[in-house]
Amino acid sequence: MNSNPRPGRIATATALYRRLLWVYPPAHREAYGKAMAQLFEDLCRDACRDQDRWGLLRLWPHILLDIARTSFHEHIDQLKQGDKTMTRRQWSIMAISAGFPLFLWLLGTLANPIFAGRLIATHNNPAQPLGWLIALGILALVGATGLAQFRHFSTLNATSEAAGGSGRIIALSLVLIIPATLLVLLGPALMQILALR
Amino acid sequence: MKEDLPDVNEFLPLTPAMAHVLLALADQERHGYSIMQEVQALTQGQISMGPGTLYGTIKRMLKANLIEESEERPDPEMDDQRRRYYRLSGLGRRVLRAEMERLAMLVNAARNRKILGSSEGTL
């Protein structure tokens, strides 16, 4: 019997799993990350040995669901214990930078009836798909900004590191926020131009 | 000074994950993979815990003093990797017994109401 089937694929899968452990709170990751990766590797070995070549692939939906559900619970548990990994100032920075484009978008929607009309119109409108794409793009950029800041600030407090990386996270936030803001400001104009052509 | 023992009823009912992990540890110390395999065997493959579920449950049970952690050591039946072993604490064993008694009571009630067949016969 092959005691270590397909070692290359298992090693790659385990490396990917270790990256995904990033979504867990830092304290949990530090305490159990290695053991979780070890168990995942064991599961991969079983999947490769007992099933056909697609066994490893079929393992992933179960694992991803496990990560999504349990990481959420771990974050909630940490908050319930009063272990505030972010200061009030850091929450404010995150809320302002992530909320600013959303605020602009809402303002633009209220102030520009044409833009609002295109987004909620139910008739066939050539500009409507673009409107939804713009909206999704804004949400994705804002979400990525908030997530990057949350991860940085929570890691900062949990490991007591110096705030030297804050400059990088603010630069990253600007990289994400600027296009989101441009989309908000230019999106309605772009949609109108497309509709008039 | 007499030590106040925690009331086992405070822990009941156990979550299914906790109950299965405690049951898996009832006969011997085990590491995470062994616990997962034992749970699968006990449930005939119906329950398969992912790493997040298993170690989240272990974390909560360690905090509640239901299980204890042993020293890391390699599993002689597996590879050379050092693994973290866990065992039932005294409190964990009492809580497990209380939970099984609670479930047994439910099963008896179901049999009395003809929901389940008798233990001697088949369903």
Side-chain angles (χ1 to χ4, degrees), chain A residues 1-5 7 10-11 13-14 16-47 49-51 55 58-78 80-81 83, chain B residues 11 14-21 24-25 29-87:
Chain A
M1 183 176 71
N2 183 3
S3 62
N4 195 8
I10 293 175
T14 306
L16 177 58
Y17 182 78
R18 281 202 179 95
R19 294 259 185 235
L20 290 173
L21 290 179
W22 163 87
V23 300
Y24 287 90
H28 184 85
R29 214 164 52 232
E30 210 169 300
Y32 296 103
K34 185 184 167 189
M36 289 168 71
Q38 197 173 48
L39 178 57
F40 175 78
E41 193 177 342
D42 293 329
L43 290 172
C44 288
R45 201 177 301 123
D46 286 350
R49 182 171 47 223
D50 299 339
Q51 302 181 36
R58 280 200 289 266
L59 179 62
W60 275 108
H62 171 64
I63 292 295
L64 290 174
L65 195 60
D66 182 62
I67 290 174
R69 190 178 59 239
T70 57
S71 61
F72 176 74
H73 283 147
E74 292 304 327
H75 280 290
I76 295 297
D77 272 355
Q78 199 164 359
K80 276 183 186 174
Q81 288 162 22
D83 183 9
Chain B
F11 297 93
L14 290 175
T15 63
M18 281 190 179
H20 285 104
V21 171
L25 291 171
E29 286 187 358
R30 295 180 187 275
H31 51 69
Y33 179 53
S34 177
I35 292 173
M36 191 214 70
Q37 284 185 309
E38 185 66 12
V39 168
Q40 273 189 318
L42 285 171
T43 59
Q44 296 177 345
Q46 289 183 11
I47 292 181
S48 177
M49 289 185 177
T53 303
L54 178 62
Y55 282 100
T57 304
I58 284 175
K59 183 180 90 167
R60 283 179 255 293
M61 290 196 296
L62 281 170
K63 191 177 174 186
N65 294 319
L66 296 177
I67 64 175
E68 295 165 342
E69 191 169 337
S70 297
E71 59 178 8
E72 278 191 14
R73 58 185 188 273
D75 185 337
E77 293 181 11
M78 296 185 68
D79 50 29
D80 290 333
Q81 293 183 63
R82 298 179 68 80
R83 295 171 183 269
R84 295 160 77 169
Y85 280 74
Y86 302 93
R87 60 172 179 253

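Letters A, B, ... are given to chains in the order of the sequence lines, protein chains preceding strands, and every chain is numbered from 1.
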task = Name the region of A:Ile63, side chain, backbone, both or neither, that has any atom closer than 4.5 Å to a heavy atom of chain B.
result = side chain
message = Is B:Met49 in contact with chain A via its backbone, its side chain, both, or neither, using a 4.5 Å heavy-atom distance?
response = backbone
inquiry  = Please identify, among B:Gly50, B:Pro51, B:Gly32, the residue contributing the most non-hydrogen atom pairs under 4.5 Å to chain A.
reply    = B:Pro51
Qualifying residues under salt bridge (charged side-chain N to carboxylate O under 4.0 Å, His left out), relative to B:Arg84, sequence neighbours excluded = B:Glu69
task = Could you tell me which of A:His28, A:Lys34, A:His73, A:Arg69 has the largest number of non-hydrogen atom pairs under 4.5 Å with chain B?
result = A:His28
note = Sequence neighbours excluded, the answer for salt bridge (charged side-chain N to carboxylate O under 4.0 Å, His left out) partners of B:Glu29 is B:Arg73, B:Arg87
key: Non-hydrogen atoms of B:Ala64 and B:Phe11 that approach each other most closely   = CB-CE2, 3.9 Å
key: Region of B:Leu62 in contact with chain A, defined by heavy-atom distances below 4.5 Å   = side chain
ask   = Any salt bridge between B:Arg60 and A:Asp77, counting N to O under 4.0 Å?
value = yes
key: A:Ala37, part contacting chain B, at a heavy-atom distance under 4.5 Å   = neither
ask   = When you check the gap from the basic side-chain N to the acidic O, do A:Asp42 and B:Arg83 get nearer than 4.0 Å?
value = yes
